[in-house]
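In what follows, every chain begins at residue 1, and chains take the letters A, B, ... in the order their sequences are listed. Values below: all heavy atoms of this structure, side chains included; hydrogens, waters and symmetry mates excluded.
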Amino acid sequence: MTQELPPRFDAQEIEKKWQEVWEREQIDRASDDPADGRPRYYCLAMFPYPSGNLHMGHVRNYCLGDAVARYKRMQGFNVLHPMGWDAFGLPAENAAIKNQLPPAEWTYGNIDQMRVQLKRLGLSYDWSREIATCRPEYYRWEQWLFTKLMEKGLAYQAEAEVNWCGPCHTVLANEQVVDGVCWRCDTPVERKSLKQWFIRITDYAEELLNDLDALKGWPEKVVGMQRNWIGRSTGAEVFFPIEGDTEGNNPTLDIFTTRPDTLMGVTYMAVAAGHPLAQKAAENHPELAAFIEECAHVSTKEADMATMEKKGMPLGINAIHPITGEKVPVWVANFVLMGYGTGAVMSVPAHDERDHEFARKYGLPIKQVIAPKEGEADVDTAAFTEPGVLVNSGDFDGLASEDAKQAVTRALSGAGKGEKRIQYRLRDWLVSRQRYWGAPIPVIHCDDCGAVPVPEDQLPVVLPEDLQPTGGASPLATHESFVHADCPKCGKQARRETDTFDTFMESSWYMARYTSPRNDETMLHREPVKRWMPVDQYIGGVEHAVLHLLYARFYHKLMRDEGLFTDEEGGSEPFTNLLTQGMVLKDGAKMSKSKGNTVDPNEIIATYGADTARLFTLFAAPPDKDLEWHEAGVEGAHRFLHRVWRLLGKVVAAVPEGGGDDAAVIDLRRTIHTTIQRVTHAFDHGFAFNVAIAALMELSNALQAFAPASPKGVEALREGMQALIAMLVPFVPHFASECHEKMVLKGLAVTAAWPQVDESALVSDEVELVVQVNGKKRGSISVPADADQDAALAQARNSGSIARWLEDVEVVKVILVPGRLLNLVVRPQ
RNA sequence: GCCGAAGUGGCGGAAUUGGUAGACGCGCCAGACUCAAAAUCUGGUUCCCGCAAGGGAGUGCCGGUUCGACUCCGGCCUUCGGUACCA
């Protein structure tokens with residue numbers, strides 16, 4: 001029985017049809033049945049912020065994830081492939097101000113809208129596990145964990161220097177300060193000292209750094225970025241007494257240095273504007289106070305500081321060199337950062353470029369203590385920053401830098417004047433925000449008891465969802481019924497904390513929550529965590545390399561240390577493999593509203609269908625590279641589907657004509673099975689879907705070119721078509737499903753087994769050998785697969801176009817690469 | 001400065017990891033179908049010489065290893081991304 005296919009397929013119609021079938025059959029559900037014997041696979045794409053509109057970056061991200069999930073299902077895995085919403089955050093407040101709509105309403109509306117768009121793409125999510133982080137059922141556990149961290153001292157409140165924007169009435173992250181001004185209102189940002197909540201990520205610096213080595217499935221780039229971000233450096237902390245403080249009442253001036261070998265070359269000290277010594281010295285020194293004030297108004301964004309002119313003033317006090325006992329003047333300098341190390345440095349102008357520049361500007365002495373191993377260095381002209389041999393350093397003279405570092409450190413610690421020290425660039429995670437649309441920090445401030453964590457039985461601290469932000473102070477801060485609370489300890493009237501969490505808190509643990517998303521007893525159930533975690537494949541943008549991806553690693557370890565799971569159960573790391581997809585570009589620039597170069601996925605889907613959109617995004621570039629959007633390329637992808645559709649018509653109607661196509665059948669079957677091999681390899685190694693799809697196009701071309709002459713030929717043609725359809729499922733599931741049905745194949749395409757390679761189809765009796773003479777291609781010969789050197793050489797000599805290169809020469813060496821080539825090394829006779 | 005990635009036709013990009021460079025697609029050219037156009041199909045398409053057969057050159061640059069190098073080694077150049085007065 002053959003059926004006539006319509007000349008074109010209707011993408012809109014078949015996509016709607018198959019999406020309904022999949023939903024009815026629940027083919028996307030992950031099974032938590034312990035009796036389910038299938039191996040498990042957790043595939044996760046970074047969940048979106050519900051802005052209301054899907055953009056091409058989302059499409060790319062989720063099509064990649066869906067291809068992986070669908071492939072794994074066909075390979076027989078029980079796949080967890082969930083979706084949710086990173087629903088708290090600033091855009092909702094901005095939209096609320098603009099539209100006079102409470103953020104909650106706006107957010108929930110957007111979620112509904114985006115869910116429809118995602119479903120329209122035919123993405124195989126287990127929607128029964130959907131979560132939205134703005135729901136109290138979700139954030140209550142984050143609040144709970146925070147109270148546990150408070151009890152352990154891992155969460156704390158402290159005064160800190162932060163970026164403050166007056167008009168916006170909030171703290172800003174460093175990323176939100178662009179060229180010293182607020183990204184939203186262009187007001188110069190102030191540095192302000194505020195009491196903020198922190199989580200002690202620095203306690204985990206060592207583990208976070210060391211465990212990077214185990215992340216073999218992560219791009220080196222991301223691992224490197226995290227390594228730099230954590231920024232471990234080893235050196236010494238040195239204590240410089242302050243002159244005139246003979247009783248030792250005052251604290252010493254403590255500095256951190258990675259170059260203790262240069263200690264004898266110190267000619268001055270430099271402290272940050274915020275350093276207590278500077279602050280104290282400024283008290284009765286108006287000029288100094290003015291300078292410090294000036295420093296405070298400069299952005300803390302470090303990239304800006306790099307280009308800043310170096311400025312400083314003497315404090316009028318001296319430190320005492322811990323070894324020589326000499327007086328060393330103390331300066332305040334704008335290049336010293338309060339937030340790194342101790343906020344103070346020893347300055348060695350002879351061997352540090354920065355110190356050198358500063359010393360030259362203010363006429364401070366330059367003392368050489370390191371000499372190059374060979375030759376000399378003119379330290380008056382430029383700093384000599386290489387390691388070398390110590391000079392002018394008393395007992396340490398003659399030591400090499402590396403040895404001197406240890407010797408000096410030992411000498412200092414022996415005398416109680418310093419110690420070995422490991423310093424991290426990483427700072428504690430500031431998690432409080434003076435914003436409304438976020439998870440409330442579960443703390444009650446009592447005049448007597450201080451900051452008291454909200455007891456477990458009073459959680460969640462629910463965020464009132466009907467408030468209207470105005471752009472100034474958070475409406476939470478003045479919302480009486482929210483603020484009023486009794487102290488959980490003493491019962492006295494107290495105030496509720498009105499800051500909310502950084503939204504990175506929610507996204508740090510959602511991957512674990514998907515394993516038991518409706519759990520209302522605990523943060524995580526142990527069994528499902530054990531079943532699914534860690535995530536086998538995580539996919540998302542590289543922009544989260546040191547933010548989300550670092551916080552999530554940290555949070556995972558926090559949950560582990562809270563006893564929610566062990567390393568054995570949940571993995572020591574949350575993400576085994578990471579794929580960072582490239583950006584989607586148009587006209588060479590990242591698509592963005594402000595550039596006006598966006599392409600609306602909805603329009604592409606309406607014009608070509610979801611399958612074409614999926615196919616193009618996966619075919620146009622390797623997943624980790626940027627993708628340039630080309631409408632002509634989209635049309636090309638669409639054309640390919642129609643070519644396959646016509647091919648399908650041919651296959652369905654195929655009847656043998658004539659006879660005797662054994663050799664052609666063997667060739668075709670070899671093409672079919674090498675294609676299966678290539679596509680399978682792409683899925684198992686690096687997800688080069690652009691190459692996999694190219695291979696499928698080749699197969700399609702081969703099938704199109706094949707004219708079956710015998711029943712065997714028809715059979716081979718159908719075999720090839722069936723394999724092609726099955727391998728198209730991860731990329732264009734609706735289209736492949738329709739083809740599967742038209743072929744009258746059993747079951748659903750999306751639950752069919754991934755095609756197997758028939759090894760016997762790969763072997764061939766005859767192989768083509770490329771013949772090279774002295775490494776240059778001179779022709780090719782067809783030889784039996786098991787031909788040896790002599791047989792191949794004899795054959796080559798018989799081949800006219802090759803033989804003439806072998807006249808009047810002596811073959812001195814023969815290299816045969818079986819099945820590939822024959823290289824003849826010759827020299828004139 | 002440091003870390004990372006990359007440099008291959010007009011374009012996006014392939015090359016089973018040392019074995020036919022340019023798969024596949026886009027674009028372009030020619031042809032078929034059509035009154036015509038669109039759509040579709042067929043063929044061609046790295047550059048140079050040549051009517052052709054054929055030959056030569058060729059994967060950022062310079063050298064090296066090898067029978068053989070886009071691939072490995074040494075030295076540069078360029079572009080992109082990240083990051084930095086980190087003491």
Side-chain angles (χ1 to χ4, degrees), chain A residues 7-8 219-225 227-229 231-233 235 255-259 262 270 272 302-310 333-337 339-348 352-355 357-358 385 423-427 542-543 545-546 582-583 615-616 619-622 624-637 639-640 642-643 646 674 677-678 681 685 688 690-701 704 768-780 801 804 812-826:
Chain A
R8 296 179 72 77
E220 265 181 55
K221 173 185 180 163
V222 176
V223 171
M225 282 166 77
R227 194 167 275 136
N228 285 340
W229 189 265
R232 182 185 199 267
S233 42
I255 61 94
F256 172 72
T257 178
T258 54
R259 292 293 303 271
T262 64
E302 285 143 349
D304 300 335
M305 300 184 78
T307 54
M308 216 157 66
E309 195 196 346
K310 286 174 188 47
N334 64 348
F335 66 82
V336 180
L337 305 174
Y340 183 78
T342 58
V345 298
M346 65 180 208
S347 288
V348 187
D352 180 284
E353 281 173 23
R354 203 182 27 197
D355 296 346
E357 187 186 331
F358 195 85
T385 57
Q423 178 68 41
Y424 295 93
R425 204 186 79 103
L426 186 70
R427 299 177 207 174
V542 73
E543 65 272 17
V546 286
M583 292 184 295
L615 187 65
F616 173 72
F619 177 62
D624 55 333
K625 297 277 160 50
D626 289 349
L627 182 160
E628 178 78 30
W629 190 270
H630 271 304
E631 193 79 9
V634 180
E635 281 168 14
R639 258 201 302 273
F640 169 67
H642 276 290
R643 278 203 299 276
R646 278 192 303 276
T674 50
Q677 211 173 30
R678 289 165 69 190
H681 184 268
H685 301 95
N690 55 328
V691 184
I693 292 167
L696 293 177
M697 287 173 169
E698 282 182 69
L699 175 57
S700 163
N701 292 344
Q704 184 60 55
E768 191 178 87
L769 276 189
V770 165
V771 180
Q772 296 182 337
V773 177
N774 286 347
K776 282 187 191 288
K777 183 186 171 186
R778 294 305 181 194
S780 65
S801 61
R804 61 196 190 86
V812 294
K813 192 169 180 182
V814 180
I815 294 109
L816 175 70
V817 183
R820 294 225 165 258
L821 66 68
L822 178 72
N823 189 13
L824 307 173
V825 184
V826 304

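- Base pairing of B/rC72: its partner is B/rG64, meeting the Watson-Crick or G-U wobble criterion (both donor-acceptor distances under 3.5 Å).
- Remark: A/Lys625 engages A/Pro622 in a side-chain contact (heavy atoms from CB on, under 4.5 Å) (not counting sequence neighbours).
- Of all heavy-atom pairs between A/Ala270 and A/Val336, the closest is CB-CG2, 3.8 Å.
- Here the P atom of nucleotide B/rC85 and the CG atom of A/Leu337 are 6 Å apart, to the nearest Å.
- Take the nearest nucleotide of RNA chain B for A/Lys777 and for A/Asp355: the residue whose nucleotide is more 5' is A/Lys777.
- Across B/rG60 and B/rA37, the matching P atoms stand 43 Å from one another, rounded to whole Å.
- Base pairing analysis places B/rG31 opposite B/rC41; the two distances defining the Watson-Crick or G-U wobble pair are each below 3.5 Å.
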Quick one: which protein N/O atoms are closer than 3.5 Å to N/O atoms of nucleotides 26-30 of chain B? Pair and distance per line, please.
from, atom 1, to, atom 2, distance (Å)
B/rC26, OP1, A/Arg639, NE, 3.2
B/rC26, OP1, A/Arg639, NH2, 2.8
B/rG27, OP2, A/Arg639, NH2, 3.3

Restricting to nitrogen or oxygen on both sides, can you table the protein-nucleotides 79-82 of chain B pairs closer than 3.5 Å?
from, atom 1, to, atom 2, distance (Å)
B/rG81, O2', A/Lys221, NZ, 3.3

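- When the salt bridge (charged side-chain N to carboxylate O under 4.0 Å, His left out) test is applied to A/Asp352, the partners found at least two apart in sequence or on another chain are A/Arg354.
- Phosphate contact (OP1/OP2 of B/rA87, side-chain N/O of A/Ser233, threshold under 4.0 Å): present.
- Taking atom P in both B/rG19 and B/rG31, one finds a spacing of 42 Å when rounded to whole Å.
- With both ends at atom P, the span from B/rA14 to B/rU78 equals 26 Å, rounded to whole Å.
- Two residues, A/Glu768 and A/Thr257, neighbour RNA chain B, and the one matched to the more 5' nucleotide by heavy-atom proximity is A/Glu768.
- Considering only side-chain atoms of A/Lys625, the nucleotide from B/rC41, B/rA23, B/rA6 that sits closest is B/rA6.
- The P atoms of B/rA15 and B/rG25 are separated by 16 Å, rounded to the nearest whole Å.
- Between B/rU79 and B/rC85, the two P atoms lie 24 Å apart (nearest whole Å).
- Rounded to an integer number of Å, the gap from A/Phe640 CZ to B/rG12 P is 22 Å.
- With a cut-off of 3.5 Å on both pairing distances, the Watson-Crick or G-U wobble partner of B/rC26 is B/rG10.
- Across all strands shown, A/Ala620 has heavy atoms under 4.0 Å from sugar-phosphate atoms exclusively, and none from any base.
- Of all nucleotides present, none satisfies the Watson-Crick or G-U wobble test against B/rA36 with each distance under 3.5 Å.
- In this structure, OG1 on A/Thr258 lies 10.5 Å from CD on A/Gln423, to the nearest 0.5 angstrom.
- The side chain of A/Asn334 lies closest to B/rC85 when the candidates are B/rC85, B/rC86, B/rG13.
- The side-chain hydrogen bond (donor to acceptor under 3.5 Å, both in side chains) test applied to A/Glu353 returns no partner, not counting sequence neighbours.
- The separation between A/Arg425 atom CZ and B/rC86 atom P is 10 Å, rounded to whole Å.
- Distance CG (A/Leu615) to C1' (B/rG12): 14 Å, rounded to an integer number of Å.
- Counting to the nearest Å, the P atom of B/rU17 and the CZ atom of A/Arg678 are 13 Å from each other.
- Residues forming a ring pair (Phe, Tyr, Trp, His ring centres under 6.0 Å) with A/Phe619 (at least two apart in sequence, or on another chain): none.
- For the atom pair CE of A/Met346 and CG of A/Asp355, the computed distance is 9.0 Å after rounding to the nearest 0.5 Å.
- Within 4.0 Å of A/Asp352, counting heavy atoms only, lies no atom of the nucleic acid at all.
- Within the 4.0 angstrom heavy-atom criterion, no nucleotide atom of any strand lies near A/Arg227.
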Just the table, please: protein N/O against nucleotides 43-50 of chain B N/O, every pair under 3.5 Å.
none

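- Across all strands, A/Pro622 comes closer than 4.0 Å only to sugar-phosphate atoms, never to a base (heavy-atom distances).
- Rounded to an integer number of Å, the gap from CD of A/Glu543 to P of B/rA5 is 19 Å.
- With hydrogens and angles disregarded, a donor-acceptor distance shorter than 3.5 Å links the side chain of A/Asp626 to the backbone of A/Met583.
- The line from CZ of A/Arg646 to CZ of A/Arg8 is 7.5 Å long, rounded to the nearest 0.5 Å.
- A/Phe358 comes within contact range of no nucleotide atom at all, as no heavy-atom separation falls under 4.0 Å.
- Rounded to an integer number of Å, the gap from A/Met697 CE to B/rA14 C1' is 13 Å.
- If you take CG on A/Asp624 and NZ on A/Lys221, they are separated by 9.5 Å, rounding to the nearest 0.5 Å.
- At the phosphate of B/rA23, neither OP1 nor OP2 sits under 4.0 Å from any side-chain N or O atom of A/Asn701.
- With both ends at atom C1', the span from B/rG9 to B/rC48 equals 14 Å, rounded to whole Å.
- Residues satisfying the side-chain contact (heavy atoms from CB on, under 4.5 Å) test with A/Ala692, not counting sequence neighbours, are A/Val679, A/Ala682, A/Phe731.
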Extract from the structure each pairing of a protein N or O with an N or O of nucleotides 55-57 of chain B at less than 3.5 Å, listing the distance.
from, atom 1, to, atom 2, distance (Å)
B/rG55, OP1, A/Arg804, NH2, 3.3
B/rG56, OP1, A/Arg778, NH2, 3.4
B/rG56, OP2, A/Arg778, NH1, 3.1
B/rA57, OP2, A/Lys776, NZ, 3.2

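- Look at the C1' atom in both B/rU20 and B/rA6: the space between them is 26 Å, to the nearest Å.
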Which side-chain N or O atoms in residues 772-779 of chain A pair as donor and acceptor under 3.5 Å with protein atoms at least two apart or in another chain?
from, atom 1, to, atom 2, distance (Å)
A/Asn774, OD1, A/Val826, N, 2.9
A/Asn774, ND2, A/Val826, O, 3.4

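- To the nearest whole angstrom, the two P atoms, one in B/rA36 and one in B/rG27, are 24 Å apart.
- Residues that satisfy the side-chain contact (heavy atoms from CB on, under 4.5 Å) test with A/Glu628, not counting sequence neighbours, are A/Leu585, A/His630.
- The side chain of A/Leu821 sits closest to B/rG19 out of B/rA6, B/rG19, B/rA87.
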Could you run down nucleotides 65-73 of chain B 5' to 3' and tag each one B, S or - for protein heavy-atom contact under 4.0 Å? --BS-----
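- Considering only side-chain atoms of A/Glu698, the nucleotide from B/rU83, B/rA5, B/rA23 that sits closest is B/rA23.
- Separating the CG atom of A/Leu627 from the C1' atom of B/rG25 is a distance of 13 Å, rounded to the nearest angstrom.
- Within a 6.0 Å radius of CD in A/Gln704, more than 12 heavy atoms belonging to other residues, nucleotides or ligands are found.
- Between A/Asn690 and B/rG12 there is no side-chain polar atom (N or O) within less than 4.0 angstrom of OP1 or OP2.
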